[in-house]
Amino acid sequence: MTAQLIDGTALSRQLRADVGRRAAALTAKGHQPGLAVILVGDDPASAVYVRNKVKACQEQGLHSVFEKYEATLTEAELLARIEALNEDPAIHGILVQMPLPKHINPQKVIETISTKKDVDGYSVLSAGETMTGLPGFRPCTPYGCMKLIESTGQKIAGKHAVVIGRSNTVGKPMAMLLLGANATVTVCHSATPDLAHHTRQADIVVAAVGRRNVLTADMVKPGAVIIDVGMNRNDEGKLCGDVDFAGVSEIAGWITPVPGGVGPMTITMLLVNTIEAAERRAGI
Ligand code: NAP
């Protein structure tokens, strides 16, 4: 392997320690930061994500409220619960775990969360703030990817970045954050005819597809920074990313592993957003 590993676990540890210090300072002034996490239904993967988020909050001294509802919860009941949390002064961030049962409109749910508590950064207003560079909440996964890229010490300004994937939660905000950092950005997707043509020119590649081996060694410019957002299972059932790690790490300059790259950073940036929400409310 010639590439340097971008260690998301180590960077998360540093950032979470800072969250812990800021949480303690807020708590000492009577403003303990609080996150409410809502889970509707019995999706096992969602249950794991939610458990990890609540645990991460508790470890850094944040107050966390976990509410679990049956899949039969109505949309009106969920919206009423969110409105109550919007008014709760002990809660600074509200997260509703996706996906929701089919009878509940996710966008309606997201837009019901107070913009001051939208720590997932999924609302239309947060998307606009991300696009325009205004202060606000950045979606946690792309926000974490930016921190991983910055941790390499490589300049982003003037570089060519290729984002593979254009989802509203990862690919599109990722492209906006890179653009905001003055990269020249290309966004590729399932209708891009020759993906390799684009990735071979990239100084930075962010792969956010959800398919193994989307990026292989022959598609990478020597020395590039590679961020692998994908979460897939290989033939042995082990967690793997979108990038052929063994091959690409012989060509790239820096690379994130899966697991231990983007995954821990997503939860970390949720904590960072919650602390920022609490600091804003406390006028800090
Ligand atoms: P998504 O909504 O399914 O979007 C996937 C994107 O990939 C789409 O824009 C799609 O293009 C594009 N795509 C599909 N096949 C392609 C191909 N062959 N070549 C180029 N682009 C292709 O997924 P997502 O929510 O963005 O998540 C992407 C991956 O990241 C998933 O594996 C997910 O589990 C993972 N993820 C990880 C974290 C973490 O914390 N580690 C957080 C979020 C997501 P079209 O738009 O044309 O369909």
Side-chain angles (χ1 to χ4, degrees), residues 6-9 11-12 15-16 37 43-53 55-56 95-100 106-107 110 119-122 126-127 130 137-149 161-178 185-202 205-216 218-220 226-234 237-245 248 255-273:
I6 311 175
D7 186 343
T9 306
L11 183 57
S12 278
L15 293 173
R16 287 186 199 194
V37 181
D43 178 48
S46 294
V48 173
Y49 296 146
V50 160
R51 215 172 29 242
N52 289 341
K53 287 168 186 173
K55 184 167 165 265
L95 181 150
V96 180
Q97 185 64 43
M98 301 291 162
L100 287 165
Q107 201 56 39
I110 290 165
V119 288
D120 245 345
Y122 286 171
S126 294
T130 299
F137 298 113
R138 306 298 183 238
C140 301
T141 300
Y143 192 12
C145 292
M146 287 301 286
K147 297 284 178 202
L148 288 165
I149 299 168
V162 169
V163 179
I164 319 174
R166 58 171 166 182
S167 68
N168 289 335
T169 49
V170 187
K172 280 183 199 158
M174 187 72 239
M176 288 302 137
L177 293 177
L178 286 162
V185 183
T186 301
V187 182
C188 300
H189 44 77
S190 66
T192 301
D194 186 357
L195 182 61
H197 165 77
H198 300 282
T199 57
R200 275 191 205 114
Q201 299 171 46
V205 179
V206 181
V209 174
R211 238 180 78 175
R212 282 163 60 190
N213 297 332
V214 158
L215 193 76
T216 48
D218 56 312
M219 299 167 74
V220 171
I226 309 294
I227 306 294
D228 192 351
V229 183
M231 288 202 307
N232 312 295
R233 296 273 162 196
N234 66 15
K238 276 181 146 174
L239 190 64
C240 67
D242 290 347
V243 176
D244 168 25
F245 183 86
V248 171
I255 189 166
T256 58
V258 178
V262 175
M265 290 298 289
T266 296
I267 298 186
T268 298
M269 301 326 288
L270 174 71
L271 301 185
V272 169
N273 278 346

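Counting starts at 1 for both ligands and their atoms, following the listed order.
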For [atom], what's the nearest protein heavy-atom neighbour? Residue, atom name and distance, please.
atom: atom 12 (C) of ligand 1; value: Gly165 CA, 4.0 Å
atom: atom 31 (C) of ligand 1; value: Gly210 CA, 3.6 Å
atom: atom 4 (O) of ligand 1; value: Ser167 CB, 3.8 Å
atom: atom 48 (O) of ligand 1; value: Ser190 OG, 3.5 Å
atom: atom 23 (O) of ligand 1; value: Val209 O, 4.2 Å
atom: atom 46 (O) of ligand 1; value: Arg166 NE, 2.7 Å
atom: atom 44 (C) of ligand 1; value: Val170 CG2, 4.0 Å
atom: atom 19 (N) of ligand 1; value: His189 O, 3.9 Å

Next item on the list: Could you tell me which non-hydrogen atom of Ile227 sits nearest to which non-hydrogen atom of Leu148, and how far apart they are?
Entry: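 Smallest heavy-atom distance, with atoms named: CD1-CB, 4.1 Å.
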Check: Taking all atoms of both residues into account, what is the closest heavy-atom pair of Val119 and Cys140, and its distance?
Finding: O-SG, 3.5 Å
In ligand 1, which numbered atoms sit nearer than 4.0 Å to a non-hydrogen atom of [X]?
X: Gly263; value: 40 (O), 41 (N)
X: Ala208; value: 5 (C), 6 (C), 7 (O), 28 (C)
X: Thr266; value: 39 (C), 40 (O)
X: Arg211; value: 18 (N)

Determine whether the side chain, the backbone, both or neither of [X] has a heavy atom under 4.0 Å from any heavy atom of ligand 1.
X: Thr141; answer: side chain
X: Met265; answer: neither
X: Val229; answer: both

Is a side-chain N or O of [X] found less than 3.5 angstrom from the main chain of [Y], in a donor-acceptor match?
X: Asn232; Y: Gly241; result: yes
X: Asp120; Y: Leu95; result: no
X: Arg200; Y: Asp218; result: yes
X: Ser126; Y: Tyr122; result: no
X: Asp242; Y: Val209; result: yes

Margin query: With side-chain contact (heavy atoms from CB on, under 4.5 Å) as the criterion, how do Arg138 and Met269 come out once you've worked through the C-alpha distance, each side chain's angles and the decisive distance to 0.1 Å?
Written below: CA-CA 9 Å; Arg138 306 298 183 238; Met269 301 326 288; over 6 Å; no
Note to self: Between ligand 1 and Ile164, can you find any atom pair, the residue atom being a heavy atom, that is separated by under 4.0 Å?
What the structure shows: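 Right, Ile164 reaches ligand 1.
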Note to self: Check for me whether Gly171 has a heavy atom closer than 4.0 Å to any atom of ligand 1.
What the structure shows: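 Not so, Gly171 does not reach ligand 1.
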Next item on the list: Determine, stepwise, if the pair Met174 / Val185 fulfils side-chain contact (heavy atoms from CB on, under 4.5 Å).
Entry: CA-CA 10 Å; Met174 187 72 239; Val185 183; over 6 Å; no
Next item on the list: Might you work through the side-chain contact (heavy atoms from CB on, under 4.5 Å) test for Met219 and His198, ending with a clear yes or no?
Entry: CA-CA 8 Å; Met219 299 167 74; His198 300 282; over 6 Å; no
Check: Please walk me through it: do Val258 and Leu239 pass side-chain contact (heavy atoms from CB on, under 4.5 Å)?
Finding: CA-CA 7 Å; Val258 178; Leu239 190 64; 4.1 Å; yes
